[in-house]
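First up is the structure itself, then whatever we jot down about it.
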Amino acid sequence: MRRAAVTLAALALAVSGCATPYRPPPITEPTPAGALFSVPQEPAKKGDEPDCDPRYSLPPSPVRPRLDRLKVGVSQSTPRMSFRNPRTGEFEGFEIELVMEVAKALFGPRARQRVDFVTVPFSEGVRRLNDGTIDLFAQSMTTTCRRATEIAYSSDYLDTGQTMLVRKGSPYQRVEDLRGKRVCSGASTVSVDHVRQLEVGLVPVVAAVTSDCLLMLEQGQAEAVSSDENILIGLREMSGDTRMLPGTTPPPGGGRCVWNVNPVCGWFSDEPHGFAFRKRDVQLLRFTNHVLDELRADGRWKRIHDTWLSGHPDKGPPPAHYLKNATAWPY
């Protein structure tokens with residue numbers, strides 16, 4: 001009788017519309033390897049962040065560099081952008097198709113046989129470029145002035161911005177609602193810095209790769225995943241129990257809705273994306289810019305974008321910005 005009474009009481013509460021307060025799911029599984037709950041802040045160095053416009057690159061050139069093969073550093077776990085299809089074992093995504101257009105322009109119709117996709121953790125991308133392991137890094141890398149002191153960038157191939165992914169049942173509607181909560185980003189990304197710089201009391205958490213943050217979100221080890229929206233829409237598809245944090249006006253940090261088709265957006269940073277190269281590989285960089293210009297002009301960029309990023313709210317092919325000549329490269 002007592003059990004029946006408890007059951008009926010619970011049913012009555014549900015019918016009356018009384019909702020229990022949201023509580024994060026308990027942490028029941030171990031954290032992914034490499035996760036950090038205490039993220040040290042790197043000390044600022046004099047001259048560490050040069051003054052530049054990170055959207056500018058070297059002018060394009062149709063001259064093909066002499067290469068036997070093209071080694072490309074990619075991710076195998078970033079849906080829609082760069083990932084390994086578990087059914088076919090092949091790499092797919094928006095960035096993969098853009099890279100393959102460059103390869104076709106370099107090598108012709110048998111280009112796939114001359115491209116080596118190398119899985120590289122994002123945190124090792126710059127090192128792998130500079131030690132010659134790869135020729136080109138294609139992993140949703142934001143072009144920044146600091147990074148440009150170590151590597152060179154192609155022209156911008158995607159305008160995007162950073163936002164938040166949360167669980168559907170959570171009460172969070174604004175970034176400020178996450179005050180005091182753990183927010184997870186991938187290691188060595190600018191996303192970690194932005195989470196800290198929002199000054200709304202977020203607690204940054206780092207995972208070895210951004211996709212591991214989704215696991216930490218599902219296990220209750222973080223209350224949100226923060227990264228660029230093009231990455232988060234892919235992670236959202238991997239978990240039906242997640243949603244994007246709605247936009248606010250103005251978003252914390254001033255917002256960068258100028259690159260967003262929506263007048264109100266959840267972006268709180270400006271994230272132009274570029275392929276990364278060794279500084280000495282000027283010819284490959286300039287040829288890549290030439291191919292990207294062609295993709296923007298003849299509609300191939302839009303076709304590839306519509307295939308992989310149809311839900312991403314950018315305004316289309318980013319306009320290319322070039323320095324006046326190759327010798328003007330300031331880094």
Side-chain angles (χ1 to χ4, degrees), residues 21-25 27 35-42 78 122 140 142 144 158-207 209-273 309 311-315:
Y22 170 79
R23 292 184 177 86
I27 299 176
L36 294 175
F37 290 99
S38 178
V39 185
Q41 185 170 4
E42 294 184 5
T78 309
F122 188 89
S140 295
T142 300
T144 69
L158 180 69
D159 283 327
T160 187
Q162 187 172 337
T163 184
M164 303 275 187
L165 189 71
V166 298
R167 287 182 292 270
K168 279 185 177 178
S170 67
Y172 312 120
Q173 297 299 317
R174 304 179 306 156
V175 172
E176 291 87 346
D177 296 337
L178 288 159
R179 183 183 303 274
K181 305 297 184 182
R182 289 172 172 170
V183 177
C184 184
S185 301
S188 298
T189 64
V190 296
S191 299
V192 181
D193 295 332
H194 290 156
V195 166
R196 184 184 284 112
Q197 292 164 3
L198 281 176
E199 297 182 352
V200 295
L202 307 179
V203 180
V205 172
V206 163
V209 293
T210 304
S211 56
D212 282 350
C213 287
L214 182 62
L215 178 61
M216 296 177 72
L217 178 69
E218 293 173 339
Q219 294 179 171
Q221 296 158 345
E223 284 298 290
V225 180
S226 189
S227 187
D228 301 340
E229 183 161 354
N230 56 297
I231 294 175
L232 294 183
I233 59 176
L235 297 185
R236 184 179 60 189
E237 289 182 346
M238 295 175 64
S239 175
D241 192 37
T242 57
R243 61 181 173 85
M244 214 76 75
L245 201 65
T248 58
T249 306
R256 293 296 184 271
C257 292
V258 65
W259 308 108
N260 194 305
V261 295
N262 302 311
V264 177
C265 74
W267 294 356
F268 49 81
S269 68
D270 177 21
E271 308 290 331
H273 280 18
L309 292 176
H312 187 264
D314 58 278
K315 292 183 176 179

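- Listed by chain and residue number, nothing satisfies the side chain to side chain donor-acceptor pair (under 3.5 Å) test with Thr242 (two or more places apart in sequence, or in another chain).
- Of the residues listed (Ser227, Pro246, Ser226), the one engaging Met164 in a side chain to side chain contact (heavy atoms under 4.5 Å, CB included) is Ser226, and it is the only one.
- Remark: Leu165 CG to Cys184 SG distance equals 11.0 Å, nearest 0.5 Å.
- Across all their heavy atoms, Asp177 and Pro171 have their closest contact at OD2-O, 4.3 Å.
- Remark: Ser191 OG to Glu271 CD distance equals 6.0 Å, nearest 0.5 Å.
- Considering only heavy atoms from C-beta on, Val175 comes within 4.5 Å of Leu202 through its side chain.
- A distance of 8.5 Å separates NZ of Lys168 from OG of Ser239, quoted to the nearest 0.5 Å.
- Residues Gln221 and Val205 are not in side-chain contact: their nearest non-hydrogen atoms beyond the backbone lie 4.5 Å or more apart.
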**Request:** Please test Asp212 against Val209 for side-chain contact (heavy atoms from CB on, under 4.5 Å), starting from the C-alpha separation and ending with a verdict.
**Result:** CA-CA 6 Å; Asp212 282 350; Val209 293; 3.6 Å; yes
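- Counting all heavy atoms, side chain and backbone alike, Thr144 lies closest to Val190 at CG2-CG1, 3.9 Å.
- Contact check for Leu245 versus Gln173: no side-chain heavy atoms found under the 4.5 Å cut-off.
- Asp241 pairs by the salt bridge (charged side-chain N to carboxylate O under 4.0 Å, His left out) definition with nothing, not counting sequence neighbours.
- Remark: Asp228 CG to Ser185 OG distance equals 9.5 Å, nearest 0.5 Å.
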**Request:** Dump the intermediate steps for side-chain contact (heavy atoms from CB on, under 4.5 Å) on Thr142 and Gln162, then the final yes or no.
**Result:** CA-CA 11 Å; Thr142 300; Gln162 187 172 337; over 6 Å; no
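- Under the 4.5 Å side-chain criterion, counting only non-hydrogen atoms from C-beta, Ser211 is in contact with Leu235.
- Taking the six-membered ring wherever Trp is involved, the centroid distance between the rings of Trp259 and His312 does not fall below 6.0 Å.
- A salt bridge between Arg167 and Glu223 is present, with a side-chain N of the basic residue lying under 4.0 Å from a carboxylate O of the acidic one.
- Contact between Ala207 and Met216 at its shortest, heavy atoms only, is CB-SD, 4.1 Å.
- Taking the side chain as every heavy atom from C-beta outward, Ile231 and Val225 never approach each other to under 4.5 Å.
- Residues Asp314 and Val261 come closest through the heavy atom pair O-CG1, 3.2 Å.
- One finds the CD1 atom of Ile233 at 6.5 Å from the CE atom of Met244 (value rounded to the nearest 0.5 Å).
- Taking CG of Asp159 as the start and CH2 of Trp267 as the end, the distance is 7.0 Å to the nearest 0.5 Å.
- Judged purely by atom type and a 3.5 angstrom limit, Arg243 uses its side chain to pair as donor or acceptor with the backbone of Ser170.
- Looking only at atom types and distance, the side chain of Glu229 has no donor-acceptor partner in the side chain of Thr160 under 3.5 Å away.
- The backbone N or O of Val200 sits less than 3.5 Å from a side-chain atom of Arg179, completing a donor-acceptor pair.
- Contact between Val206 and Gly186 at its shortest, heavy atoms only, is CG1-C, 4.4 Å.
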**Item:** Evaluation steps, side-chain contact (heavy atoms from CB on, under 4.5 Å), between Thr78 and Thr210
**Value:** CA-CA 8 Å; Thr78 309; Thr210 304; over 6 Å; no
